[in-house]
Amino acid sequence: MRKVQTMLIGFMKYRSLLYELVVRDIKIRYRRSMLGVLWTVLNPVMMMAVMTLVFSNIFRFEIENFPIYFFCGNILFSFMVESTTNALYSIVGGGSLMKKVYIPKYLFPLSKVLSSLVNLFFSFLAMLGIMLLTGAPFHGTLLLAPLVIAYVVIFSIGLGLILSTAMAFFRDAAHLYSIATLAWMYLTPVFYPPSLLAEKLPSMLTLNPMYHFIAMMRDVVLYGELPSLSAHLSCLAVCMLVLLLGLVLFYSKQDQFILFI
């Protein structure tokens with residue numbers, strides 16, 4: 001309990017620094033880009049257009065309102081991959097700064113997740129715009145979408161802490177994770193119906209946390225359904241478990257980072 005209290009006090013003390021790190025990440029990402037932050041809206045829209053063409057017309061997956069179906073899955077999965085991949089490099093990338101001045105090391109992976117959250121926000125706005133254009137209904141359950149996003153953010157922070165710790169000691173973690181995320185994407189029903197995977201690899205749905213987050217997002221945005229209490233508790237349990245594992249691993253190894261970066 002005392003350690004948690006110390007962490008919270010430290011977080012409040014350095015919150016302005018966290019803000020500056022997030023702003024820096026966003027500025028670096030769109031530096032020398034003609035459209036800048038507008039790409040956060042254009043990218044998911046163009047991806048949606050391509051996927052709709054391919055999977056609605058060529059492969060002919062009969063999915064009602066495919067553009068929004070795809071958007072719900074893609075913005076969450078893309079956020080998770082982007083934020084955790086950036087977090088993976090955060091400790092190694094912040095090595096020069098850590099050697100000069102004391103900065104709580106957890107701020108580096110945390111700032112990467114939060115800067116990706118800004119992208120997710122604009123992608124979500126793009127999805128609302130597509131809903132207006134396609135005539136998709138706006139259900140009252142849409143108000144629960146931020147809660148689903150919060151689950152994914154907590155999960156990504158925990159996974160980001162784990163990955164950044166692994167990367168500090170094991171540089172090949174970056175290559176392995178890029179392969180893992182590719183497999184993860186194809187084993188998650190982002191652009192195809194869950195029934196396709198349930199027939200052959202049902203365990204990949206049960207054990208895949210991103211599937212449950214995405215399914216919940218589709219329930220509240222596309223189908224207007226309230227997720228069950230057990231679904232919320234399951235998602236929350238997974239988030240907190242991954243976050244706890246990330247915190248324990250990160251804090252047990254952070255004093256050794258300086259020797260390897």
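Below, each value reflects all heavy atoms present in this structure, side chains not excepted, and no hydrogens, waters or symmetry copies.
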side-chain contact (heavy atoms from CB on, under 4.5 Å) evaluation trace for Leu245 with Leu161 = CA-CA 9 Å; Leu245 289 174; Leu161 291 170; over 6 Å; no
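- Atom CE of Met131 and atom CE of Met127 lie 6.0 Å apart (nearest 0.5 Å).
- No donor-acceptor pair under 3.5 Å is formed between the side chain of Tyr211 and the backbone N or O of Pro194.
- By the side-chain hydrogen bond (donor to acceptor under 3.5 Å, both in side chains) test, His232 pairs with Tyr151, sequence neighbours left out.
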key: Arg218/Tyr223 under side-chain hydrogen bond (donor to acceptor under 3.5 Å, both in side chains): CA gap, chis, key distance, verdict   = CA-CA 6 Å; Arg218 285 170 178 155; Tyr223 304 127; 5.8 Å; no
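- When atom types are taken as modelled, the side chain of Tyr192 and the backbone of Tyr186 share a donor-acceptor pair closer than 3.5 angstrom.
- For the atom pair CE of Met210 and CE of Met80, the computed distance is 5.0 Å after rounding to the nearest 0.5 Å.
- The heavy-atom pair separating Ile149 from Phe124 by the smallest distance is CD1-CD1, 4.3 Å.
- Other residues, nucleotides and ligands contribute more than 12 heavy atoms inside 6.0 Å of the CZ atom of Phe169.
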task = Please report the C-alpha distance between His139 and Val220 in whole Å, then the side-chain angles of each, then the deciding distance to 0.1 Å, and finally whether the side-chain contact (heavy atoms from CB on, under 4.5 Å) criterion is met.
result = CA-CA 7 Å; His139 303 286; Val220 301; over 6 Å; no
ask   = Please walk me through it: do Leu21 and Leu110 pass side-chain contact (heavy atoms from CB on, under 4.5 Å)?
value = CA-CA 9 Å; Leu21 289 173; Leu110 180 58; over 6 Å; no
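- Here Phe155 contributes atom CZ and Phe79 contributes atom CZ; the two are 11.0 Å apart, rounded to the nearest 0.5 Å.
- Of all heavy-atom pairs spanning Gly224 and Thr141, the tightest one is CA-OG1, 3.2 Å.
- Residues passing the side-chain hydrogen bond (donor to acceptor under 3.5 Å, both in side chains) test with Tyr177, sequence neighbours excluded: Thr84.
- Remark: Phe121 pairs with Leu125 by the side chain to side chain contact (heavy atoms under 4.5 Å, CB included) rule, at least two apart or across chains.
- Counting heavy atoms from C-beta on, the side chains of Ser116 and Asn86 come closer than 4.5 Å.
- Contact record, Leu205 with Pro189: CD2-CG, 3.6 Å, taken as the closest heavy-atom pair.
- Among residues two or more places apart in sequence or in another chain, the side-chain hydrogen bond (donor to acceptor under 3.5 Å, both in side chains) test is passed with Asp219 by none.
- Ile258 CD1 to Met98 CE: the interatomic distance, rounded to the nearest 0.5 Å, is 6.5 Å.
- Here the side chain of His212 pairs no donor or acceptor atom with the backbone of Val238 at under 3.5 angstrom.
- At distances below 3.5 Å, not a single donor-acceptor pair connects side-chain atoms of Thr206 with backbone N or O atoms of Ser203.
- Between Val152 and Phe77, the closest side-chain pair of non-hydrogen atoms is not below 4.5 Å.
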query = Given Val190 and Leu76, is the side-chain contact (heavy atoms from CB on, under 4.5 Å) satisfied, shown in steps?
reply = CA-CA 9 Å; Val190 174; Leu76 290 187; over 6 Å; no
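- Side chains of Ile154 and Met240 form a contact here, defined as non-hydrogen atoms less than 4.5 Å apart.
- Of the options Val113, Leu120, Leu159, a side chain to side chain contact (heavy atoms under 4.5 Å, CB included) to Ser83 is made by Val113 and by none of the others.
- For the atom pair OG of Ser111 and CG of Leu117, the computed distance is 12.5 Å after rounding to the nearest 0.5 Å.
- Of all non-hydrogen atoms in Leu222 and Glu64, the two that sit nearest each other are CD2-O, 4.3 Å.
- For Thr181 against Ser178, the heavy-atom pair with the smallest separation is OG1-O, 2.9 Å.
- Applying the side chain to side chain contact (heavy atoms under 4.5 Å, CB included) criterion to Tyr89, with sequence neighbours excluded, gives Thr85, Met167, Ala174.
- Between the side chain of Asn74 and the main chain of Phe70, no donor-acceptor pair closer than 3.5 Å is present.
- No donor-acceptor pair closer than 3.5 Å links the side chain of Ser78 to the backbone N or O of Ile75.
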request  = Determine, step by step, whether Phe257 and Phe250 satisfy the ring-ring contact (aromatic ring centres under 6.0 Å, His included) criterion, reporting the C-alpha distance in whole Å, the side-chain angles of both residues, the deciding distance to 0.1 Å, and the verdict.
outcome  = CA-CA 10 Å; Phe257 289 165; Phe250 191 89; 5.3 Å; yes
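- Considering all non-hydrogen atoms of both residues, Gln254 and Tyr251 come closest at NE2-CD2, 3.2 Å.
- Panel note: side chain Ser164, backbone Leu88; no donor-acceptor pair is recorded below 3.5 Å.
- Taking the side chain as every heavy atom from C-beta outward, Tyr69 and Phe191 never approach each other to under 4.5 Å.
- Interatomic distance, CG of Leu18 versus CG of Leu114, reported as 5.5 Å (0.5 Å rounding).
- Listed by chain and number, the residues in a side-chain hydrogen bond (donor to acceptor under 3.5 Å, both in side chains) with Ser228 are Ser230 (sequence neighbours excluded).
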